[in-house]
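See structure below.
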Amino acid sequence: MIFAIDPGNSESAYAELESRTLKPVSVGKILNEALLDKVKQLPYDAELVIEMVASYGMAVGREVFDTVFWVGRFWEAGNGLHRELIYRREEKLDLCGSCKAKDANVRQALIDRFAPGARNSGKGTQKKPGWFYGFAADIWQAYAVGVTFADKKQGKTRP
């Protein structure tokens, strides 16, 4: 199982992926304290993947430092698990082939890959859930973190 996190300063999105198929098992966006408890309860064979903040020379505010603080807490809570940090640049290159890609491009690349031709962005309905059922906002980014990790692990990422 791959457990991927898109961290935030007070809430974070997560996506639990089935390792072989990359099918989402559970997704959500919850308070960081609750996610910390979830990470501590992960099975020993889980792979914990967290998106890491990168600096490109621009001034940043308190929210960025708070997010980095939570990255460290999640990392520490996953002690004993296979852990890896993924940078957003890696996600954009892997999924879109360009580090200039925006979140909308990443989302569309995921839809094209896992739910091609599906209506409603592959979300489906409550009666007939699709691949991306329950996805919204930052959950897409958490899923992208997990997919990029899996691609990297299999040597499929773009240079």
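Values below: all heavy atoms of this structure, side chains included; hydrogens, waters and symmetry mates excluded. We're numbering straight along the sequence, starting at 1. What you are looking at is a predicted structure, and each value in this text was computed from that prediction instead of being measured.
- The shortest side-chain heavy-atom distance between Gln141 and Leu110 does not fall under the 4.5 Å cut-off.
- Linking ILVMFWY residues whenever their side-chain heavy atoms come closer than 4.5 Å, directly or via other members, places Met1 and Tyr14 in the same cluster.
- Side-chain atoms of Phe74 and Ser12, non-hydrogen and from C-beta on, do get closer than 4.5 Å to each other.
- Checked by atom type and distance alone, the side chain of Asn32 pairs as donor or acceptor with a backbone atom of Gly8 at under 3.5 Å.
- Under the side-chain hydrogen bond (donor to acceptor under 3.5 Å, both in side chains) criterion, Asn9 pairs with no residue, sequence neighbours left out.
- For the pair Phe3/Leu35, a side-chain contact is recorded, criterion being any heavy-atom separation below 4.5 Å from C-beta on.
- The shortest heavy-atom contact between Val71 and Met52 is CG1-SD, 3.7 Å.
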Ignoring hydrogens and angles, write down the donor-acceptor pairs under 3.5 Å from the side chains of residues 131-140, residues two or more places apart or on other chains.
{"residue": "Trp131", "atom": "NE1", "partner": "Tyr143", "partner atom": "OH", "Å": "3.0"}
{"residue": "Asp138", "atom": "OD2", "partner": "Lys29", "partner atom": "NZ", "Å": "2.6"}

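- In this structure, the side chains of Ser98 and Lys92 stay at 4.5 Å or more apart for every pair of heavy atoms.
- Taking each heavy atom of Ala4 and Gly146 in turn, the nearest pair found is CB-N, 3.5 Å.
- Taking OG1 of Thr148 as the start and CZ of Arg89 as the end, the distance is 13.0 Å to the nearest 0.5 Å.
- In this structure, the side chains of Ile2 and Leu22 come closer than 4.5 Å at one or more pairs of heavy atoms.
- Looking at Asp37 and Glu33, their side chains never come closer than 4.5 Å, going by heavy atoms from C-beta outward.
- In this structure, CD1 in Ile86 is found 12.5 Å from CD1 in Ile5, a value given to the nearest 0.5 Å.
- Every residue meeting the side-chain contact (heavy atoms from CB on, under 4.5 Å) condition with Arg73, not counting sequence neighbours, appears here in chain and number order: Leu36, Phe69, Trp70.
- The side chain to side chain donor-acceptor pair (under 3.5 Å) analysis of residues 16-25, with sequence neighbours excluded, yields the pairs Glu16-Ser26, Glu18-Thr21.
- Between Cys96 and Val106 the shortest side-chain heavy-atom distance falls below 4.5 Å.
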Practice task
Using the side chain to side chain contact (heavy atoms under 4.5 Å, CB included) rule, take Leu31 and Glu11 through it: C-alpha gap first, then chi angles, then the decisive distance, then the call.
Solution key: CA-CA 4 Å; Leu31 291 172; Glu11 292 182 318; 3.8 Å; yes

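- Side chains of Arg88 and Asp103 form a contact here, defined as non-hydrogen atoms less than 4.5 Å apart.
- Looking at every heavy atom in both residues, Leu95 comes nearest to Asp151 through CD2-OD2, 4.4 Å.
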All N/O donor-acceptor pairs, side-chain side in residues 75-84, below 3.5 Å, sequence neighbours left out:
{"residue": "Arg83", "atom": "NH1", "partner": "Trp75", "partner atom": "O", "Å": "2.6"}
{"residue": "Glu84", "atom": "OE2", "partner": "Lys152", "partner atom": "NZ", "Å": "3.0"}

Donor-acceptor pairs under 3.5 Å, side chain of residues 38-49 to any protein atom, not counting sequence neighbours: which ones?
{"residue": "Glu47", "atom": "OE1", "partner": "Lys153", "partner atom": "NZ", "Å": "3.0"}
{"residue": "Glu47", "atom": "OE2", "partner": "Lys153", "partner atom": "NZ", "Å": "2.7"}

